[in-house]
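Comments concern the structure below.
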Amino acid sequence: MTEFLNLIIILVALVVFFIFKKTKDYLSWRGGALGLLVIILFVLKLISGADFASLGLRLDNYLDTLLPIIIFTLLGALILIAMRFRARKFKVGKWLLSLMSSYLVFGILQQLFFQSIFTSSLNELFDNQTLVVIFSSVYYSSFHWGWDAKGIKFGFLTLLSGMVWSILFLTSPNILLLGASHAVLASLYYFIVYEHNILEERLVFWRKKNFLQRMFG
C-alpha cells in the first residue's frame with residue numbers, strides 16, 4: 001500500500017509539472033489547481049505513513065546539516081557574485097529584507113513540495129539514493145529551466161542547488177534549514193544577477209486586476 005501511494009504521488013507530481021508549465025497567472029484556475037494538487041499530495045504523503053519529522057518539519061536535527069548548508073549557501077553566493085553584479089538605484093537594505101522575508105516562506109513551501117513530498121517518495125520507491133538525487137534534482141530544475149541563454153544558465157544553477165538540497169534532505173531531513181538556504185540564494189540571485197526590480201514587477205502585476213477578476217475573468 002505504501003509503495004502504491006508513493007507511486008501515485010510521483011505521478012501526480014508529474015501532472016503538477018505540466019500544469020505549472022502552462023500556468024501564467026497563479027490567480028487563475030490553473031493556479032488554483034496547482035495549490036489543490038500540492039495539498040492533496042501532502043495528505044497522501046501523510047496517509048502513506050510519513051510524519052512531520054520524516055518530512056523535515058523539525059529542528060531537533062539542525063546540527064546534522066547546518067555546517068554543509070552554510071558552506072553551500074556561501075559558495076552559492078560567491079558564484080552569483082562572480083556571474084554578474086548590477087548596481088541598484090533603490091534602497092537596497094529594505095528591498096533585500098522584504099525579498100528574503102517573502103522568499104523564506106516561499107522557499108520552505110518549495111522544499112516541502114520538492115523534498116518532503118517528491119524526493120522522499122522517490123526514496124521510498126528506489127533503493128539507489130544516487131538515482132533519487134539525480135531524478136529529484138532534474139525534476140526541481142525543470143521547473144526553473146528556460147531555453148534562452150539566461151534560462152539555461154539559471155537551469156544549471158537550480159540543477160546544482162537541487163542536487164545539494166536533495167542530498168542534505170536525505171542525510172537528515174530539515175526543510176526549514178533548506179528553505180532558509182533557498183531564501184538567501186534566491187534573493188541574492190534577484191539582487192545580483194536579475195536585471196530588473198523583481199518586487200516592483202510583482203507589485204505591478206498584482207495591482208493590474210483584483211482577485212476575482214483574475215480568478216474568473
Side-chain angles (χ1 to χ4, degrees), residues 4-48 50 52 54-57 99-125 132 135-148 150-151 154-155 157-159 161-163 165-166 169 173 175-176 178-183 185-187 189-190 194 198-199 201-217:
F4 175 75
L5 284 175
N6 282 306
L7 179 60
I8 293 298
I9 288 170
I10 296 300
L11 294 176
V12 175
L14 294 177
V15 174
V16 169
F17 167 74
F18 289 110
I19 295 178
F20 173 82
K21 284 299 184 180
K22 292 182 176 295
T23 301
K24 297 181 180 180
D25 186 350
Y26 291 116
L27 292 181
S28 65
W29 72 266
R30 285 194 178 93
L34 285 175
L36 179 60
L37 285 176
V38 171
I39 293 172
I40 291 173
L41 287 172
F42 183 73
V43 172
L44 286 176
K45 196 64 193 170
L46 293 176
I47 293 174
S48 72
F52 286 163
S54 65
L55 295 179
L57 292 166
L99 189 62
M100 283 194 178
S101 299
S102 60
Y103 258 95
L104 180 60
V105 175
F106 192 56
I108 290 174
L109 290 176
Q110 280 204 40
Q111 294 300 324
L112 179 66
F113 173 67
F114 288 110
Q115 306 301 340
S116 303
I117 294 174
F118 189 79
T119 302
S120 65
S121 296
L122 279 178
N123 196 44
E124 292 287 334
L125 293 172
V132 172
F135 289 151
S136 62
S137 58
V138 169
Y139 180 73
Y140 171 73
S141 178
S142 64
F143 280 76
H144 302 80
W145 197 277
W147 293 109
D148 57 358
K150 294 178 182 178
F154 188 51
L157 288 175
T158 55
L159 181 66
S161 59
M163 191 173 296
W165 288 330
S166 296
F169 178 83
I175 64 165
L176 301 180
L178 297 182
S181 174
H182 191 143
L185 291 178
S187 300
Y189 173 81
Y190 284 116
Y194 195 67
I198 188 66
L199 284 181
E201 289 179 354
R202 291 291 184 263
L203 288 174
V204 170
F205 175 82
W206 290 101
R207 287 171 181 169
K208 282 183 178 179
K209 293 182 180 179
N210 64 40
F211 180 83
L212 291 177
Q213 287 176 323
R214 302 196 69 80
M215 202 65 183
F216 302 107

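- Every side-chain contact (heavy atoms from CB on, under 4.5 Å) that Val38 has, sequence neighbours left out, goes to Phe113.
- Distance NE2/His182 to CD/Gln110: 4.0 Å, rounded to 0.5 Å.
- Considering only residues two or more places apart in sequence or on other chains, Ser181 meets the side-chain hydrogen bond (donor to acceptor under 3.5 Å, both in side chains) condition with Thr73, Trp165.
- Within the model, atoms CD1 of Ile175 and CG of Leu112 stand 4.5 Å from one another, a figure rounded to the nearest 0.5 Å.
- Just one residue in the list Phe143, Tyr189, Trp145 forms a ring pair (Phe, Tyr, Trp, His ring centres under 6.0 Å) with Phe154, and that residue is Tyr189.
- In plain terms, the two heavy atoms of Asn6 and Glu124 that are nearest each other are ND2-CB, 3.3 Å.
- With sequence neighbours excluded, the residues that form a side-chain contact (heavy atoms from CB on, under 4.5 Å) with Ile10 are Phe118, Ser121, Leu122, Leu125.
- A distance-only check finds a donor-acceptor pair linking the side chain of Lys21 to the backbone of Ser142 [under 3.5 Å].
- Looking at residues two or more places apart in sequence or on another chain, you find a side-chain contact (heavy atoms from CB on, under 4.5 Å) between Leu5 and Met1, Leu44, Ile47, Ser48.
- The OG1 atom of Thr119 sits 8.5 Å away from atom CD of Gln111, with the distance rounded to the nearest 0.5 Å.
- Leu159 meets the side-chain contact (heavy atoms from CB on, under 4.5 Å) test with Ser137, Val138, Ser141, Phe156; sequence neighbours excluded.
- With sequence neighbours excluded, the residues that form a side-chain hydrogen bond (donor to acceptor under 3.5 Å, both in side chains) with Ser54 are Asp51.
- For the atom pair Leu46 CG and Phe42 CZ, the distance stands at 4.5 Å (nearest 0.5 Å).
- Here Ile9 contributes atom CD1 and Leu14 contributes atom CG; the two are 12.0 Å apart, rounded to the nearest 0.5 Å.
- The two residues Leu55 and Ser120 have their closest heavy-atom pair at CD2-OG, 4.4 Å.
- Under the 30°/60° scheme for interplanar angles, the aromatic rings of His144 and Tyr140 are found to be tilted.
- Considering all non-hydrogen atoms of both residues, Gln115 and Leu178 come closest at CG-CD1, 4.2 Å.
- Two residues are said to be in side-chain contact when any heavy atoms from C-beta on lie closer than 4.5 Å; Val15 and Leu11 fail this criterion.
- Between the OH atom of Tyr139 and the CZ atom of Phe114 there is a distance of 6.0 Å, given to the nearest 0.5 Å.
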